[in-house]
Protein chains: 2
Amino acid sequence: METFGREMMYSVFRIRKALYTLIREDATRVGITELQLIILYTLSKKDNIRLNDLAEKLNMSNSTISGTIERLVSAELVIRKPSKEDRRAVTLHLSEKGKEKLQEAFNDESLLLQRLQKVETTLAKEEIETLLALQQKVRTILLGEE
Amino acid sequence: METFGREMMYSVFRIRKALYTLIREDATRVGITELQLIILYTLSKKDNIRLNDLAEKLNMSNSTISGTIERLVSAELVIRKPSKEDRRAVTLHLSEKGKEKLQEAFNDESLLLQRLQKVETTLAKEEIETLLALQQKVRTILLGEE
DNA sequence: CTGAAATAATTCGAATACGAACTATTCGCG
DNA sequence: CGCGAATAGTTCGTATTCGAATTATTTCAG
């Protein structure tokens, strides 16, 4: 009778959906998709990353990332360069246009940023820390690592 | 500097991915996909549901559900009947084959059920309740409803 | 130093996943 | 009653999403 476990599962699905809907709003406003925006943001935090490392960071298969990077390169938002150290590898960088697009998506209008801000101001610091700790605990169990 | 908000967001993404990977294992073992398994389970809990209601329950667009139901009907796992009350609507039901498939997916081998069980036995009851309450709080803020 | 194993990325096929456009039916206001 | 608005599903086009197969390169054991 896994009632609590299943409730937790549905709860996670609902929050994830709510977050994705907010991301989609910002992304659509500037004419790109959710994943494309997530990738632009990730590249802004970590330049010069390899494709497989990006896939691992985002918890996605490299085939998914490869296709999306292809479209971002076509749109001239990302630059894909062959790696100097390893000729099999490519390294990824934001173009100027990509940086501008990211700025435009996450500007003052961004509902996602407003709502995340609201989460931080509404919940007590200890509540957020408790939430993160419990979620980490759940994830560890789900991965069968404990 | 939405550090905590973003951490919370990534945390949710990671748990959702872990859950989906477990669901995929059970689904693949019996030859169907994640969403197909989720739909079979949902129909087992609520028979005679309409397509749009199912889509709303799963937080998905009706076009996504429509296509997947089409494949489930082709595989003879789901029965789609025109509604008696509303000639625009269809009602959905598990077939016997669908019930068997569901049983087979969620049997003793199911890693998902084992891990959910482990979450329940590992975390204290208050911890789970705290987690669900905090997640609900976060979701309400994200939806802009408070 | 060389061939087999491992690794980085791409490509492929099938199934989501969405919004928009469309068809068929029902609702509801005047 | 009767017609415009709303609703239930389907279809379409584009973009994920995955695992498996493939190509190119690097690593490493003998």
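In what follows, chains are A, B, ... by sequence order, proteins preceding strands, each numbered from 1. Since the model is a prediction, treat every value here as computed from it, not as a measurement.
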*Starting from P on D/dA24, measure out to CG on A/Leu51 and report it in whole angstrom.*
18 Å

*Under 3.5 Å, side chain of B/Thr121 to main-chain N/O of B/Lys118, donor-acceptor pair present?*
yes

*asked:* Does anything in residues 19-27 of chain B come within less than 4.0 Å of DNA chain C? Heavy atoms only, and list the residues if so.
replied: none

_Applying salt bridge (charged side-chain N to carboxylate O under 4.0 Å, His left out) to B/Lys99 and B/Glu96, what does each step give before you reach the verdict?_
CA-CA 5 Å; B/Lys99 285 177 193 164; B/Glu96 279 310 312; 3.4 Å; yes

*asked:* If I take atom CG in residue B/Leu54 and atom C1' in nucleotide D/dA8, what distance separates them, rounded to the nearest angstrom?
replied: 13 Å

_For B/Gly5, is there any backbone N or O sitting under 3.5 Å from a side-chain donor or acceptor partner on A/Glu120?_
yes

*Establish, for the pair A/Arg16 and A/Tyr20, whether the NZ or CZ atom is under 6.0 angstrom from the six-membered ring centre and no further than 45 degrees off its axis.*
yes

*Which one, D/dT17, C/dA9, D/dA8, comes nearest to the side chain of A/Arg50?*
C/dA9

*Indicate yes or no for a side-chain donor-acceptor contact from A/Asn107 to the backbone of A/Glu104 under 3.5 Å, with no hydrogens or angles considered.*
yes

*4.5 Å side-chain heavy-atom contact, A/Leu116 and A/Leu19*: yes

*Mind running a 4.0 Å heavy-atom check of residues 29-37 of chain B against DNA chain C and sending the residues that fall below it, in number order?*
B/Thr33, B/Leu35, B/Gln36

*May I have the distance from A/Asp53 (atom CG) to C/dT7 (atom C1'), rounded to whole angstrom?*
12 Å

*Between the main-chain N or O of A/Glu7 and the side-chain N or O of A/Ser11, is there a donor-acceptor pair closer than 3.5 Å?*
no

*Does some side-chain heavy atom of B/Val138 sit less than 4.5 Å from a side-chain heavy atom of B/Val12?*
no

*Give the intermediate values and the outcome of side-chain hydrogen bond (donor to acceptor under 3.5 Å, both in side chains) for residues B/Glu70 and B/Ser66.*
CA-CA 6 Å; B/Glu70 177 60 33; B/Ser66 180; over 6 Å; no

*For DNA chain C, whose closest nucleotide is more 5', that of A/Ala89 or that of A/Lys17?*
A/Ala89

*Near DNA chain C, under 4.0 Å by heavy atom, which residues of residues 58-87 of chain A?*
A/Asn62, A/Ser63, A/Ser66, A/Arg80

_Between P on C/dT25 and CZ on B/Arg88, what's the gap in Å once rounded to a whole number?_
10 Å

*Compare all side-chain heavy atoms of B/Phe106 with those of B/Leu112 and state whether any distance is below 4.5 angstrom.*
yes

*Return the value, rounded to whole Å, for the distance between atom CG of B/Leu40 and atom C1' of C/dA15.*
15 Å

_Closest approach of B/Leu43 to B/Leu94 (non-hydrogen atoms, all atoms of both residues)_ = CB-CG, 3.9 Å

